[in-house]
Amino acid sequence: MTAFSSTANYKPLHPDDVEMVARRSTVLRTVLLLVIVFFVLFCLMGYYYQPGGGSSDFERNQYLTEGASHEALLRRLKTILNCNTQPNGYQLETHGKYYLLRNFIAAEGSFECYETITYTTHGDYTFLDNVVPLLERWNAPVSIALYTPGGDLDQTVDSIRYLLDCHEQRLLVRKYVSFHLYFEFEHLPNHPISYYRELFTAPLACWNATSAWSKVDNDSEGSFRAENNLTYPVNVGRNVARSSAVTHFVLASDIELYPSPDFIPMFLRMIAHPFYQYTLHTRSVYVLPVFEVAKDTTIPTDKAHLLEALQQGRAIKFHEKICSNCHTVPGYAEWLLALKYDYTMDIHVTSKRAGAYVSWEPIYVGTKREPEYDERLSWEGKADKMTQGYIMCILDYDFHVLDNGFLVHRPGIKTAAQANRPPQQAKQRTFIRKTIAQEIAALYGTREGCRI
(Lines give C-alpha, C1' and ligand atoms only; values in the text may rest on other atoms or scores of the structure.)
Protein backbone atom coordinates (compact mmCIF):
# COMPACT_ATOMS: atom_id res chain seq x y z
CA MET A 1 0.00 0.00 0.00
CA THR A 2 1.42 3.38 -0.98
CA ALA A 3 1.61 6.45 1.17
CA PHE A 4 -1.24 7.98 -0.77
CA SER A 5 -3.60 5.07 -0.35
CA SER A 6 -4.98 6.57 2.88
CA THR A 7 -6.93 9.09 0.84
CA ALA A 8 -9.30 6.29 0.03
CA ASN A 9 -10.58 6.55 3.64
CA TYR A 10 -12.11 10.04 2.96
CA LYS A 11 -15.69 10.05 1.77
CA PRO A 12 -16.87 12.49 -0.90
CA LEU A 13 -19.18 15.28 0.31
CA HIS A 14 -22.84 14.52 0.20
CA PRO A 15 -24.93 16.95 -1.86
CA ASP A 16 -26.70 18.01 1.37
CA ASP A 17 -23.33 18.83 2.92
CA VAL A 18 -22.40 21.01 -0.06
CA GLU A 19 -25.68 22.88 0.28
CA MET A 20 -25.11 23.36 4.03
CA VAL A 21 -21.62 24.81 3.46
CA ALA A 22 -23.01 27.19 0.84
CA ARG A 23 -25.75 28.34 3.22
CA ARG A 24 -23.25 28.97 6.01
CA SER A 25 -21.01 30.91 3.66
CA THR A 26 -23.94 33.06 2.58
CA VAL A 27 -24.95 33.72 6.20
CA LEU A 28 -21.38 34.72 7.14
CA ARG A 29 -21.13 37.12 4.21
CA THR A 30 -24.47 38.66 5.12
CA VAL A 31 -23.48 39.10 8.77
CA LEU A 32 -20.16 40.65 7.77
CA LEU A 33 -21.90 43.08 5.41
CA LEU A 34 -24.37 44.08 8.15
CA VAL A 35 -21.54 44.69 10.60
CA ILE A 36 -19.80 46.97 8.10
CA VAL A 37 -23.03 48.86 7.32
CA PHE A 38 -23.87 49.38 11.01
CA PHE A 39 -20.32 50.53 11.75
CA VAL A 40 -20.45 53.15 8.97
CA LEU A 41 -23.87 54.36 10.15
CA PHE A 42 -22.58 54.59 13.72
CA CYS A 43 -19.65 56.77 12.63
CA LEU A 44 -21.87 59.04 10.55
CA MET A 45 -24.39 59.46 13.37
CA GLY A 46 -21.62 60.32 15.77
CA TYR A 47 -20.46 63.14 13.48
CA TYR A 48 -23.73 64.57 12.19
CA TYR A 49 -26.24 63.82 14.95
CA GLN A 50 -27.79 66.80 16.73
CA PRO A 51 -30.40 66.32 19.49
CA GLY A 52 -33.93 67.34 18.64
CA GLY A 53 -35.81 69.88 20.70
CA GLY A 54 -34.38 72.00 23.47
CA SER A 55 -32.96 75.49 23.28
CA SER A 56 -30.75 76.75 20.47
CA ASP A 57 -27.88 77.13 22.95
CA PHE A 58 -28.11 73.43 23.80
CA GLU A 59 -28.08 72.50 20.12
CA ARG A 60 -25.17 74.81 19.45
CA ASN A 61 -23.00 73.48 22.25
CA GLN A 62 -24.38 69.99 22.83
CA TYR A 63 -21.08 68.21 22.45
CA LEU A 64 -19.40 70.70 24.77
CA THR A 65 -22.00 70.25 27.51
CA GLU A 66 -21.62 66.48 27.33
CA GLY A 67 -18.46 66.12 29.39
CA ALA A 68 -17.49 62.69 28.08
CA SER A 69 -17.81 63.78 24.43
CA HIS A 70 -15.75 66.92 25.01
CA GLU A 71 -13.08 64.96 26.85
CA ALA A 72 -12.94 62.45 24.01
CA LEU A 73 -12.57 65.32 21.51
CA LEU A 74 -9.68 66.80 23.51
CA ARG A 75 -7.93 63.43 23.77
CA ARG A 76 -8.19 63.01 20.01
CA LEU A 77 -6.91 66.53 19.33
CA LYS A 78 -4.00 65.98 21.72
CA THR A 79 -3.04 62.85 19.80
CA ILE A 80 -3.38 64.12 16.24
CA LEU A 81 -1.83 67.57 16.81
CA ASN A 82 1.05 66.32 18.99
CA CYS A 83 1.94 69.90 19.99
CA ASN A 84 3.72 71.52 22.92
CA THR A 85 2.23 74.32 25.02
CA GLN A 86 4.71 77.17 25.27
CA PRO A 87 5.10 79.26 28.45
CA ASN A 88 3.53 82.72 28.62
CA GLY A 89 5.81 84.46 31.11
CA TYR A 90 6.93 88.06 30.74
CA GLN A 91 10.13 88.64 28.74
CA LEU A 92 11.99 91.78 27.70
CA GLU A 93 13.52 91.07 24.29
CA THR A 94 14.97 92.77 21.25
CA HIS A 95 13.11 92.18 18.00
CA GLY A 96 14.87 93.67 14.98
CA LYS A 97 15.08 97.40 15.69
CA TYR A 98 12.47 97.18 18.44
CA TYR A 99 12.32 96.46 22.15
CA LEU A 100 9.62 93.88 22.77
CA LEU A 101 7.80 93.39 26.07
CA ARG A 102 6.41 89.93 25.37
CA ASN A 103 3.52 88.98 27.65
CA PHE A 104 3.69 92.38 29.34
CA ILE A 105 0.32 91.32 30.70
CA ALA A 106 -0.42 87.62 30.18
CA ALA A 107 -3.87 86.03 30.20
CA GLU A 108 -4.82 84.52 33.55
CA GLY A 109 -6.47 81.51 31.93
CA SER A 110 -4.46 78.36 31.32
CA PHE A 111 -4.84 76.63 27.95
CA GLU A 112 -3.31 73.54 26.41
CA CYS A 113 -1.98 73.92 22.88
CA TYR A 114 -4.54 71.52 21.39
CA GLU A 115 -7.76 72.60 23.11
CA THR A 116 -8.60 75.90 21.41
CA ILE A 117 -7.46 78.56 18.90
CA THR A 118 -5.71 81.86 19.60
CA TYR A 119 -6.86 85.00 17.81
CA THR A 120 -3.63 86.89 17.09
CA THR A 121 -3.87 90.56 16.23
CA HIS A 122 -2.22 93.97 16.48
CA GLY A 123 -2.84 97.70 16.87
CA ASP A 124 -2.12 100.65 19.11
CA TYR A 125 -4.06 102.03 22.07
CA THR A 126 -6.61 103.75 19.81
CA PHE A 127 -7.87 100.32 18.70
CA LEU A 128 -8.37 98.83 22.17
CA ASP A 129 -12.12 99.49 22.13
CA ASN A 130 -12.34 96.49 19.79
CA VAL A 131 -11.04 94.03 22.38
CA VAL A 132 -14.31 93.37 24.19
CA PRO A 133 -16.60 93.09 21.12
CA LEU A 134 -14.10 90.64 19.64
CA LEU A 135 -13.87 88.63 22.87
CA GLU A 136 -17.63 88.37 23.28
CA ARG A 137 -17.79 86.49 19.98
CA TRP A 138 -14.49 84.58 20.29
CA ASN A 139 -14.48 83.44 23.95
CA ALA A 140 -10.95 82.08 23.65
CA PRO A 141 -7.33 83.29 23.89
CA VAL A 142 -6.38 86.56 22.20
CA SER A 143 -2.76 87.59 21.65
CA ILE A 144 -2.44 91.29 20.80
CA ALA A 145 0.76 93.19 19.96
CA LEU A 146 0.53 96.95 20.54
CA TYR A 147 2.84 99.56 19.02
CA THR A 148 3.82 101.93 21.86
CA PRO A 149 6.51 104.44 20.82
CA GLY A 150 7.52 107.13 23.31
CA GLY A 151 4.66 108.56 25.35
CA ASP A 152 2.12 106.23 23.71
CA LEU A 153 3.20 103.57 26.18
CA ASP A 154 1.70 105.62 29.04
CA GLN A 155 -1.67 105.89 27.33
CA THR A 156 -1.52 102.19 26.39
CA VAL A 157 -0.88 101.14 29.98
CA ASP A 158 -3.75 103.33 31.22
CA SER A 159 -6.10 101.77 28.65
CA ILE A 160 -5.06 98.21 29.51
CA ARG A 161 -5.55 98.90 33.23
CA TYR A 162 -9.06 100.18 32.50
CA LEU A 163 -9.88 97.02 30.55
CA LEU A 164 -8.55 94.79 33.35
CA ASP A 165 -9.99 96.65 36.34
CA CYS A 166 -12.95 98.78 35.30
CA HIS A 167 -14.63 97.48 32.15
CA GLU A 168 -17.84 95.52 32.73
CA GLN A 169 -16.27 92.61 30.83
CA ARG A 170 -12.98 92.79 32.76
CA LEU A 171 -13.17 89.14 33.84
CA LEU A 172 -13.34 88.08 30.19
CA VAL A 173 -10.36 90.28 29.35
CA ARG A 174 -8.29 88.97 32.27
CA LYS A 175 -8.99 85.36 31.40
CA TYR A 176 -8.21 85.44 27.71
CA VAL A 177 -6.10 88.42 26.59
CA SER A 178 -2.30 88.63 26.51
CA PHE A 179 -0.81 92.06 25.72
CA HIS A 180 2.62 92.47 24.10
CA LEU A 181 4.18 95.94 23.67
CA TYR A 182 6.91 97.02 21.26
CA PHE A 183 8.69 100.28 20.34
CA GLU A 184 11.80 101.38 18.44
CA PHE A 185 15.16 101.77 20.15
CA GLU A 186 15.03 105.53 19.51
CA HIS A 187 11.49 106.00 20.90
CA LEU A 188 11.90 104.91 24.51
CA PRO A 189 9.15 105.31 27.13
CA ASN A 190 9.04 108.10 29.71
CA HIS A 191 9.72 105.76 32.67
CA PRO A 192 11.54 102.47 33.30
CA ILE A 193 9.55 99.35 32.39
CA SER A 194 9.45 98.34 36.07
CA TYR A 195 7.46 101.51 36.80
CA TYR A 196 4.72 100.49 34.36
CA ARG A 197 4.61 96.91 35.59
CA GLU A 198 4.24 98.01 39.19
CA LEU A 199 1.16 100.01 38.25
CA PHE A 200 -0.69 96.71 37.73
CA THR A 201 -0.04 95.55 41.29
CA ALA A 202 -2.68 97.96 42.66
CA PRO A 203 -6.29 98.19 41.42
CA LEU A 204 -7.16 101.20 39.29
CA ALA A 205 -9.44 103.87 40.76
CA CYS A 206 -12.19 103.40 38.20
CA TRP A 207 -14.09 106.57 39.12
CA ASN A 208 -11.06 108.54 37.91
CA ALA A 209 -10.14 106.41 34.90
CA THR A 210 -12.85 107.22 32.37
CA SER A 211 -10.92 110.15 30.89
CA ALA A 212 -8.06 107.86 29.85
CA TRP A 213 -10.46 105.34 28.29
CA SER A 214 -12.34 108.08 26.43
CA LYS A 215 -9.19 108.78 24.40
CA VAL A 216 -9.35 105.31 22.89
CA ASP A 217 -10.55 105.53 19.27
CA ASN A 218 -10.63 109.34 19.59
CA ASP A 219 -7.03 110.38 20.17
CA SER A 220 -5.05 109.23 17.14
CA GLU A 221 -4.23 112.86 16.26
CA GLY A 222 -2.67 113.50 19.67
CA SER A 223 -0.58 110.34 19.88
CA PHE A 224 3.22 110.28 19.93
CA ARG A 225 3.08 108.30 16.71
CA ALA A 226 1.00 110.97 14.95
CA GLU A 227 2.98 113.91 16.30
CA ASN A 228 6.22 112.34 15.05
CA ASN A 229 4.73 111.15 11.75
CA LEU A 230 5.69 107.52 12.38
CA THR A 231 4.44 104.82 10.03
CA TYR A 232 2.70 101.86 11.61
CA PRO A 233 4.85 98.67 11.51
CA VAL A 234 1.86 96.41 10.97
CA ASN A 235 3.79 93.22 10.23
CA VAL A 236 5.95 93.48 13.34
CA GLY A 237 2.73 93.35 15.34
CA ARG A 238 1.40 90.43 13.31
CA ASN A 239 4.57 88.37 13.80
CA VAL A 240 4.90 89.16 17.51
CA ALA A 241 1.27 88.33 18.29
CA ARG A 242 1.40 85.06 16.34
CA SER A 243 4.70 83.87 17.78
CA SER A 244 3.42 84.55 21.31
CA ALA A 245 0.32 82.35 20.99
CA VAL A 246 0.23 79.33 23.31
CA THR A 247 -1.98 77.20 21.02
CA HIS A 248 -1.20 75.12 17.94
CA PHE A 249 -3.85 76.80 15.79
CA VAL A 250 -3.96 80.58 15.37
CA LEU A 251 -6.26 82.94 13.53
CA ALA A 252 -4.00 85.82 12.45
CA SER A 253 -6.39 88.67 11.81
CA ASP A 254 -6.99 92.39 12.30
CA ILE A 255 -8.49 93.65 15.55
CA GLU A 256 -11.48 95.25 13.80
CA LEU A 257 -12.54 91.93 12.25
CA TYR A 258 -14.99 90.08 14.49
CA PRO A 259 -15.36 86.29 14.07
CA SER A 260 -18.64 84.41 13.83
CA PRO A 261 -19.67 82.95 17.24
CA ASP A 262 -19.11 79.24 17.93
CA PHE A 263 -16.40 79.05 15.30
CA ILE A 264 -13.86 77.27 17.50
CA PRO A 265 -15.88 74.21 18.57
CA MET A 266 -17.11 73.65 15.02
CA PHE A 267 -13.60 73.95 13.60
CA LEU A 268 -11.97 71.64 16.16
CA ARG A 269 -14.68 69.05 15.70
CA MET A 270 -14.11 69.14 11.93
CA ILE A 271 -10.32 68.80 12.30
CA ALA A 272 -10.73 65.85 14.68
CA HIS A 273 -12.84 63.94 12.18
CA PRO A 274 -10.81 61.33 10.23
CA PHE A 275 -12.15 62.65 6.93
CA TYR A 276 -10.23 65.92 7.31
CA GLN A 277 -7.05 64.78 9.00
CA TYR A 278 -5.24 64.64 5.66
CA THR A 279 -5.12 68.44 5.79
CA LEU A 280 -2.83 68.24 8.83
CA HIS A 281 -0.17 66.47 6.77
CA THR A 282 0.00 68.94 3.89
CA ARG A 283 0.72 72.66 3.70
CA SER A 284 -2.78 73.80 4.50
CA VAL A 285 -4.63 76.78 5.96
CA TYR A 286 -8.36 77.26 6.58
CA VAL A 287 -9.92 80.41 5.15
CA LEU A 288 -12.76 82.51 6.55
CA PRO A 289 -14.64 84.78 4.11
CA VAL A 290 -14.67 88.44 5.25
CA PHE A 291 -17.49 90.99 5.06
CA GLU A 292 -18.35 94.60 5.92
CA VAL A 293 -21.62 95.96 7.27
CA ALA A 294 -23.12 99.44 7.22
CA LYS A 295 -22.44 101.73 10.16
CA ASP A 296 -25.77 101.29 11.96
CA THR A 297 -26.07 97.55 11.23
CA THR A 298 -25.89 94.90 13.94
CA ILE A 299 -23.06 92.47 13.28
CA PRO A 300 -24.55 89.13 12.11
CA THR A 301 -24.38 86.34 14.67
CA ASP A 302 -24.61 83.46 12.19
CA LYS A 303 -24.55 82.78 8.48
CA ALA A 304 -28.32 83.04 8.06
CA HIS A 305 -28.28 86.60 9.45
CA LEU A 306 -25.25 87.43 7.30
CA LEU A 307 -27.02 86.26 4.13
CA GLU A 308 -30.06 88.33 5.08
CA ALA A 309 -27.88 91.44 5.49
CA LEU A 310 -26.24 90.76 2.12
CA GLN A 311 -29.61 90.44 0.38
CA GLN A 312 -30.81 93.70 1.95
CA GLY A 313 -27.66 95.57 0.93
CA ARG A 314 -26.59 96.19 4.55
CA ALA A 315 -23.50 93.98 4.08
CA ILE A 316 -20.94 93.56 1.31
CA LYS A 317 -17.76 91.58 0.71
CA PHE A 318 -14.77 93.02 2.53
CA HIS A 319 -13.12 95.84 0.55
CA GLU A 320 -15.58 95.32 -2.28
CA LYS A 321 -15.31 99.03 -3.07
CA ILE A 322 -11.52 99.05 -2.76
CA CYS A 323 -10.13 95.73 -4.05
CA SER A 324 -12.87 93.18 -4.60
CA ASN A 325 -10.53 90.48 -5.94
CA CYS A 326 -8.36 90.71 -2.84
CA HIS A 327 -11.01 89.17 -0.59
CA THR A 328 -13.37 87.18 -2.83
CA VAL A 329 -13.03 83.53 -1.87
CA PRO A 330 -13.11 80.74 -4.49
CA GLY A 331 -16.60 79.32 -4.92
CA TYR A 332 -18.17 82.44 -3.42
CA ALA A 333 -21.53 82.06 -5.21
CA GLU A 334 -21.84 78.47 -4.01
CA TRP A 335 -20.69 79.50 -0.50
CA LEU A 336 -23.72 81.75 -0.24
CA LEU A 337 -25.98 78.74 -0.89
CA ALA A 338 -24.29 76.43 1.64
CA LEU A 339 -26.48 77.28 4.62
CA LYS A 340 -26.39 75.01 7.68
CA TYR A 341 -28.51 74.84 10.80
CA ASP A 342 -26.76 71.95 12.60
CA TYR A 343 -23.64 73.80 13.81
CA THR A 344 -21.20 71.67 11.86
CA MET A 345 -18.37 72.83 9.66
CA ASP A 346 -16.85 71.43 6.48
CA ILE A 347 -14.40 72.51 3.82
CA HIS A 348 -16.42 74.19 1.09
CA VAL A 349 -13.69 74.24 -1.56
CA THR A 350 -9.91 73.95 -1.76
CA SER A 351 -7.95 76.36 -3.93
CA LYS A 352 -4.50 77.73 -4.68
CA ARG A 353 -3.48 81.39 -4.60
CA ALA A 354 -3.04 81.46 -8.36
CA GLY A 355 -4.95 82.15 -11.55
CA ALA A 356 -8.00 84.30 -10.82
CA TYR A 357 -6.93 84.46 -7.17
CA VAL A 358 -3.37 85.67 -7.69
CA SER A 359 -4.17 88.90 -5.76
CA TRP A 360 -6.08 87.13 -3.00
CA GLU A 361 -5.34 88.20 0.59
CA PRO A 362 -7.07 85.45 2.58
CA ILE A 363 -7.43 85.53 6.36
CA TYR A 364 -7.13 82.05 7.74
CA VAL A 365 -6.62 79.68 10.61
CA GLY A 366 -3.09 78.32 10.42
CA THR A 367 -0.19 77.60 12.72
CA LYS A 368 2.98 79.40 13.78
CA ARG A 369 4.83 77.49 11.05
CA GLU A 370 3.41 79.57 8.20
CA PRO A 371 5.80 82.10 6.56
CA GLU A 372 6.30 85.31 8.51
CA TYR A 373 5.02 88.69 7.35
CA ASP A 374 7.71 91.01 5.95
CA GLU A 375 8.41 93.54 8.71
CA ARG A 376 9.82 96.15 6.32
CA LEU A 377 6.32 96.83 5.00
CA SER A 378 4.09 99.42 6.64
CA TRP A 379 0.33 99.69 6.95
CA GLU A 380 0.39 103.04 5.13
CA GLY A 381 2.00 101.48 2.03
CA LYS A 382 -0.75 98.81 1.72
CA ALA A 383 -0.33 95.33 0.16
CA ASP A 384 1.43 94.39 3.42
CA LYS A 385 0.25 90.75 3.33
CA MET A 386 0.90 90.17 -0.39
CA THR A 387 4.49 88.98 -0.01
CA GLN A 388 3.48 86.30 2.50
CA GLY A 389 0.72 85.12 0.16
CA TYR A 390 3.19 84.97 -2.72
CA ILE A 391 5.57 82.77 -0.70
CA MET A 392 2.68 80.47 0.22
CA CYS A 393 1.81 80.16 -3.47
CA ILE A 394 5.38 79.18 -4.31
CA LEU A 395 5.30 76.61 -1.50
CA ASP A 396 2.07 75.21 -3.02
CA TYR A 397 -0.20 75.77 -0.01
CA ASP A 398 -3.77 74.51 -0.05
CA PHE A 399 -6.31 77.15 0.97
CA HIS A 400 -9.39 75.39 2.38
CA VAL A 401 -12.42 77.70 2.42
CA LEU A 402 -14.69 76.91 5.37
CA ASP A 403 -18.44 76.75 4.78
CA ASN A 404 -19.78 77.87 8.17
CA GLY A 405 -17.43 80.54 9.50
CA PHE A 406 -16.77 84.17 8.60
CA LEU A 407 -15.36 87.50 9.79
CA VAL A 408 -17.15 90.86 9.83
CA HIS A 409 -15.44 94.24 10.07
CA ARG A 410 -16.73 96.55 12.79
CA PRO A 411 -19.69 98.51 11.38
CA GLY A 412 -18.83 101.12 8.77
CA ILE A 413 -18.04 100.49 5.09
CA LYS A 414 -14.76 102.02 3.93
CA THR A 415 -14.62 103.74 0.56
CA ALA A 416 -11.76 103.77 -1.94
CA ALA A 417 -11.05 107.44 -1.16
CA GLN A 418 -10.64 106.66 2.55
CA ALA A 419 -8.19 103.85 1.83
CA ASN A 420 -6.14 105.73 -0.76
CA ARG A 421 -2.60 106.71 0.29
CA PRO A 422 -0.85 107.39 -3.07
CA PRO A 423 2.71 108.41 -2.01
CA GLN A 424 3.20 105.54 0.44
CA GLN A 425 1.53 103.02 -1.86
CA ALA A 426 3.77 103.82 -4.84
CA LYS A 427 6.95 103.68 -2.77
CA GLN A 428 6.06 100.38 -1.09
CA ARG A 429 4.88 98.75 -4.31
CA THR A 430 8.19 99.62 -5.98
CA PHE A 431 10.12 98.19 -3.02
CA ILE A 432 8.12 94.96 -3.21
CA ARG A 433 8.69 94.52 -6.94
CA LYS A 434 12.34 95.53 -7.13
CA THR A 435 13.71 94.19 -3.84
CA ILE A 436 11.46 91.74 -2.01
CA ALA A 437 10.46 89.80 -5.15
CA GLN A 438 14.11 89.13 -5.96
CA GLU A 439 14.84 88.03 -2.39
CA ILE A 440 11.89 85.63 -2.43
CA ALA A 441 13.04 84.15 -5.75
CA ALA A 442 16.52 83.57 -4.30
CA LEU A 443 15.15 81.97 -1.12
CA TYR A 444 12.12 80.01 -2.37
CA GLY A 445 12.42 79.87 -6.14
CA THR A 446 9.43 80.49 -8.36
CA ARG A 447 6.27 78.62 -9.41
CA GLU A 448 4.20 78.99 -12.56
CA GLY A 449 0.98 80.88 -11.87
CA CYS A 450 2.27 82.67 -8.75
CA ARG A 451 2.56 86.44 -8.84
CA ILE A 452 3.41 89.06 -6.24
Side-chain angles (χ1 to χ4, degrees), residues 43-65 73 117 119 133-134 136-140 249 251 253 257-273 275-276 279 284-294 297-320 324-325 327-351 356-357 360 362-365 398-411 413:
C43 292
L44 290 174
M45 288 177 65
Y47 182 54
Y48 290 107
Y49 172 70
Q50 298 287 332
S55 68
S56 60
D57 285 341
F58 176 75
E59 292 178 354
R60 185 180 299 119
N61 300 305
Q62 59 90 17
Y63 62 92
L64 290 179
T65 56
L73 174 64
I117 306 172
Y119 191 105
L134 190 159
E136 289 174 336
R137 297 167 70 91
W138 188 244
N139 277 296
F249 286 118
L251 172 53
S253 184
L257 296 179
Y258 304 157
S260 50
D262 304 304
F263 174 83
I264 294 175
M266 288 192 292
F267 177 84
L268 293 180
R269 189 177 177 189
M270 180 194 77
I271 284 296
H273 195 278
F275 186 77
Y276 288 116
T279 63
S284 295
V285 292
Y286 310 87
V287 180
L288 291 81
V290 191
F291 299 87
E292 295 177 89
V293 295
T297 299
T298 301
I299 299 175
T301 56
D302 56 34
K303 191 171 179 179
H305 289 108
L306 172 65
L307 296 179
E308 181 181 349
L310 288 167
Q311 291 170 355
Q312 296 174 354
R314 294 180 290 111
I316 61 174
K317 290 181 295 184
F318 188 55
H319 284 182
E320 184 172 311
S324 182
N325 290 339
H327 293 280
T328 300
V329 299
Y332 176 70
E334 294 78 13
W335 188 89
L336 295 176
L337 302 176
L339 184 59
K340 289 183 172 180
Y341 296 98
D342 57 358
Y343 300 100
T344 61
M345 182 174 288
D346 291 281
I347 291 173
H348 170 62
V349 68
T350 298
S351 181
Y357 302 98
W360 190 22
I363 296 179
Y364 54 80
V365 173
D398 286 326
F399 293 84
H400 305 293
V401 179
L402 302 173
D403 68 350
N404 205 14
F406 56 89
L407 294 160
V408 180
H409 194 277
R410 70 179 294 173
I413 295 175

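Both backbone and side-chain heavy atoms feed into the values below; hydrogens, waters and symmetry mates do not.
In this structure a side-chain-to-backbone donor-acceptor pair under 3.5 Å is present from Lys303 to Ala338. Between the Trp335 side chain and the Asn404 main chain, no donor and acceptor come within less than 3.5 Å of each other.
A donor-acceptor contact closer than 3.5 angstrom is absent between the side chains of Tyr357 and Thr328.
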Worksheet item: Step by step, would you call Asp302 with His305 a side-chain contact (heavy atoms from CB on, under 4.5 Å)?
Response: CA-CA 6 Å; Asp302 56 34; His305 289 108; 2.7 Å; yes

Worksheet entry | Verdict with reasoning, Leu307 to Leu336, per side-chain contact (heavy atoms from CB on, under 4.5 Å) | CA-CA 7 Å; Leu307 296 179; Leu336 295 176; 3.6 Å; yes

Item to complete: Start with the C-alpha distance between Phe399 and Trp360, add both sets of side-chain angles, then the distance that settles ring pair (Phe, Tyr, Trp, His ring centres under 6.0 Å), and finish with yes or no.
Response: CA-CA 11 Å; Phe399 293 84; Trp360 190 22; 5.5 Å; yes

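Taking every heavy atom of both residues into account, Pro261 and Met266 meet most closely at O-CE, 4.4 Å. The two residues His400 and Ser284 have their closest heavy-atom pair at NE2-OG, 3.1 Å. Contact detail for His348 and Asp403: the closest heavy-atom pair is CB-CB, 3.8 Å. For Phe267 against Val365, the heavy-atom pair with the smallest separation is CZ-CG1, 3.8 Å. Minimum heavy-atom separation, Glu292 to His319: OE2-N, 2.7 Å. Taking all atoms of both residues into account, the shortest heavy-atom contact from Val401 to Pro330 is CG2-CD, 4.0 Å.
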Solution key, residues 309-316 side-chain donor-acceptor pairs under 3.5 Å, sequence neighbours excluded:
| residue | atom | partner | partner atom | Å |
| --- | --- | --- | --- | --- |
| Gln312 | OE1 | Arg314 | NE | 2.6 |
| Gln312 | OE1 | Arg314 | NH2 | 2.5 |
| Gln312 | NE2 | Glu308 | OE2 | 3.4 |

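Put simply, the residue from Asn139, Leu407, Ile264, Val408 that forms a side-chain contact (heavy atoms from CB on, under 4.5 Å) with Pro259 is Leu407. When each of Met270, Arg269, His273 is paired with Met345, the side-chain contact (heavy atoms from CB on, under 4.5 Å) condition holds for Met270 and for no other.
Contact check for Tyr258 versus Arg410: side-chain heavy atoms found under the 4.5 Å cut-off. Residues Leu288 and Leu251 are in side-chain contact: their nearest non-hydrogen atoms beyond the backbone lie under 4.5 Å apart.
Within 6.0 Å of atom OH in Tyr332, more than 12 heavy atoms from other residues, nucleotides or ligands are found, so the atom counts as buried in its surroundings.
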